[in-house]
Amino acid sequence: MTRDAAHLLPSTEPVTLIDPDGHPVPQVGHSMPDPQALVRAYAALITARRFNDQANALVRQGRLAVYPSSHGQEACQVACVQVLADGDWLFPTYRDTAAIVTRGVDPVQALTLLRGDWHSGYDPLATRVAPQATPLATHLLHAVGVAHAARLRGDDTVVMAVCGDGATSEGDFHEALNFAAVFRTPVVFLVQNNEYAISVPLARQTAAPSLAHKGIGYGVKGERVDGNDVAALLDVLGSAVDRARAGEGPQLVEAHTYRVQAHTNADDPGRYRSEEEVTPWLGRDPLTRVETYLRGAGLITESDKSGFVAQAEAIAERMRAGLGEEPVADYRELFAYVYAEPTPQLREQQALVSDELAREK
């Protein structure tokens, strides 16, 4: 890393490689990803959008307790995973279920936590995906710890730690960046700035020029990128991962995007923002943007799209079938995984519950 402030400062404007109308935008120091990577990202965006829509439907049907949608933010979800190697780690938030599925986790397992189950639904060690974090920024410390451990072992592992703009107001965000910078941990902090922390607008979160500018206070290089441009995200995040893997320390990337839907199904966004504010962002949709570019460049056909849509629909069918089944609850699981060896108090509590259930029969 360097203490040269000019090197650490982000660009004055977010990096964009494809504009909202689907036209390429030349950017000095940045290049369009190769066509294969863009087509792969496009297919993943179709799946992520279908996943979001199906999850919202499952909430209305009572099959999910809650779902924080990433509709409109799918480019961030896809790109942050696509730039990772198999041995890297993803540390997601509650809004990053689409990223988890993009990483290859079974969609039903990915939604187990949001169904109201007691565990994350998938094996973090096998998938290299940490459990989704509902508390803001707490997982960033864990991400830094995993990255630090990898560096001590001599592994070339990089950790992608994802958070929202609201998380940057938490003390854990400060502690994570400071530790990561001092110990040069290979972690990329991706801040999905969707302009709102539930109902609190960004202007009430920070007075900084941008969230990426916060990196300079820790000696961490910051960068800004159009969060609805999957091409720019692949370029910026890919470079950040490469720098982290090369030993250049942590990287901070702010993706400028927008939460076009409610915070969750329990939220009424009409109480704190207008439709007039939302409407312009609908025209910056990440899926239609890259599709327009790919069609114009002759990189996809209608047949290609139909195939990608069919793949996405198969995942939606898997979600409906898997979450349509009634879960089998076993009360003993409440006590089985608290300690490696159950304490006398846990044994007493389990016996009490067992006795109460027996009396109900």
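The basis for the numbers below is simple: all heavy atoms, side chains too, and nothing from hydrogens, waters or symmetry mates.
Taking the six-membered ring for Trp and thresholds of 30 and 60 degrees, Tyr67 and Phe51 have ring planes more than 60 degrees apart, a perpendicular arrangement.
Side chains of Asp267 and Gln261: no donor on one and acceptor on the other come within 3.5 Å. For the 3.5 Å distance criterion, the side chains of Asn228 and Thr257 qualify, holding a donor opposite an acceptor. For the residue pair Gln205 / Ser169, a side-chain donor-acceptor distance below 3.5 Å is found, with atom types taken as modelled. If you check the side chains of Gln350 and Arg332, you find no donor sitting under 3.5 Å from an acceptor. With hydrogens and angles left out, the side-chain atoms of Arg50 and Gln54 include a donor and acceptor closer than 3.5 Å. A donor-acceptor contact closer than 3.5 angstrom is absent between the side chains of Thr168 and Asp165. The closest side-chain donor-acceptor pair between Asp96 and Gln132, if any, does not fall under 3.5 angstrom.
The main-chain N or O of Gly247 is found under 3.5 Å from a side-chain atom of Arg184 such that the two form a donor-acceptor pair. Side-chain atoms of Asp229 come within 3.5 Å of backbone atoms of Leu17 as a donor-acceptor pair (strictly under, hydrogens ignored). Under a 3.5 Å cut-off, the side chain of Glu74 and the backbone N or O of Gly72 do form a donor-acceptor pair. Judged purely by atom type and a 3.5 angstrom limit, Tyr122 uses its side chain to pair as donor or acceptor with the backbone of Ala130. Within the 3.5 Å criterion, the main-chain N or O of Glu277 finds a donor-acceptor partner in the side chain of Ser274. A side-chain donor-acceptor contact under 3.5 Å links Gln27 to the backbone of Thr16. Judged by distance alone, with hydrogens and angles left aside, the side-chain atoms of Lys214 form no donor-acceptor pair with the main-chain N or O of Ala208 at under 3.5 Å. Remark: the backbone N or O of Ala232 is not paired with any side-chain donor or acceptor of Asp235 at under 3.5 angstrom. A donor-acceptor pair under 3.5 Å is formed between the side chain of Ser11 and the backbone N or O of Glu13. A distance-only check finds a donor-acceptor pair linking the side chain of Glu254 to the backbone of Leu211 [under 3.5 Å].
Taking all atoms of both residues into account, the shortest heavy-atom contact from Val188 to Leu237 is CG1-CD2, 4.3 Å. Closest heavy-atom contact between Ala44 and Thr102: CB-CG2, 4.4 Å. When all heavy atoms of Thr97 and Leu111 are compared, the closest pair comes out as CG2-CD2, 3.9 Å. When all heavy atoms of Gln192 and Cys76 are compared, the pair lying nearest together is OE1-CB, 3.2 Å. Contact record, Arg95 with Asn194: NE-ND2, 4.1 Å, taken as the closest heavy-atom pair. Residues Met160 and Val83 share a closest heavy-atom pair of CE-CG2, 3.8 Å.
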Requested in this report: Carefully, step by step, assess Glu326 and Arg63 under the rule side chain to side chain contact (heavy atoms under 4.5 Å, CB included).
Outcome: CA-CA 9 Å; Glu326 292 296 333; Arg63 295 299 178 180; 2.9 Å; yes
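A distance of 9.5 Å separates CD in Gln251 from OG in Ser239, rounded to the nearest 0.5 Å. Here the OG1-CG distance, from Thr112 to Asp117, works out to 6.0 Å after rounding to the nearest 0.5 Å. Note that CG of Asp304 and CG of Leu299 are 9.5 Å apart. Values are rounded to the nearest 0.5 Å. Atom OH of residue Tyr42 and atom OG1 of residue Thr47 lie 10.5 Å apart, to the nearest 0.5 angstrom. Note that SG of Cys163 and CD of Glu170 are 10.0 Å apart. Values are rounded to the nearest 0.5 Å. Here the straight-line distance linking atom CG of Leu58 with atom CG of Asp53 works out to 11.0 Å at 0.5 Å rounding.
Here Arg359 pairs with Asp355 under the side chain to side chain donor-acceptor pair (under 3.5 Å) rule; sequence neighbours left out.
Under a 4.0 Å N-O distance rule, the pair Glu195/Arg259 does not qualify as a salt bridge. Salt-bridge annotation for Glu291 and Lys305: present, with a side-chain N of the basic residue lying under 4.0 Å from a carboxylate O of the acidic one. A salt bridge is absent between Arg289 and Asp19: the closest approach of a Lys/Arg side-chain nitrogen to an acidic carboxylate oxygen does not fall below 4.0 angstrom. One finds a salt bridge joining Arg295 and Glu302 here, because a Lys/Arg side-chain nitrogen approaches an Asp/Glu carboxylate oxygen to under 4.0 Å. A salt bridge does not link Arg243 to Glu223: none of the charged nitrogens lies less than 4.0 Å from a carboxylate oxygen. A salt bridge is absent between Asp86 and Arg128: the closest approach of a Lys/Arg side-chain nitrogen to an acidic carboxylate oxygen does not fall below 4.0 angstrom. A salt bridge links Arg347 to Glu341: at least one charged side-chain nitrogen sits closer than 4.0 Å to a carboxylate oxygen.
When ring centroids are compared, His119 and Tyr337 stay outside the 6.0 Å threshold. For an aromatic pair to be called close, the ring centres must be under 6.0 Å apart, and Phe91 with His139 fails this.
For the pair Arg273 and Tyr196, the distance from NZ or CZ to the six-membered ring centre is under 6.0 Å and the angle to the ring normal is within 45 degrees.
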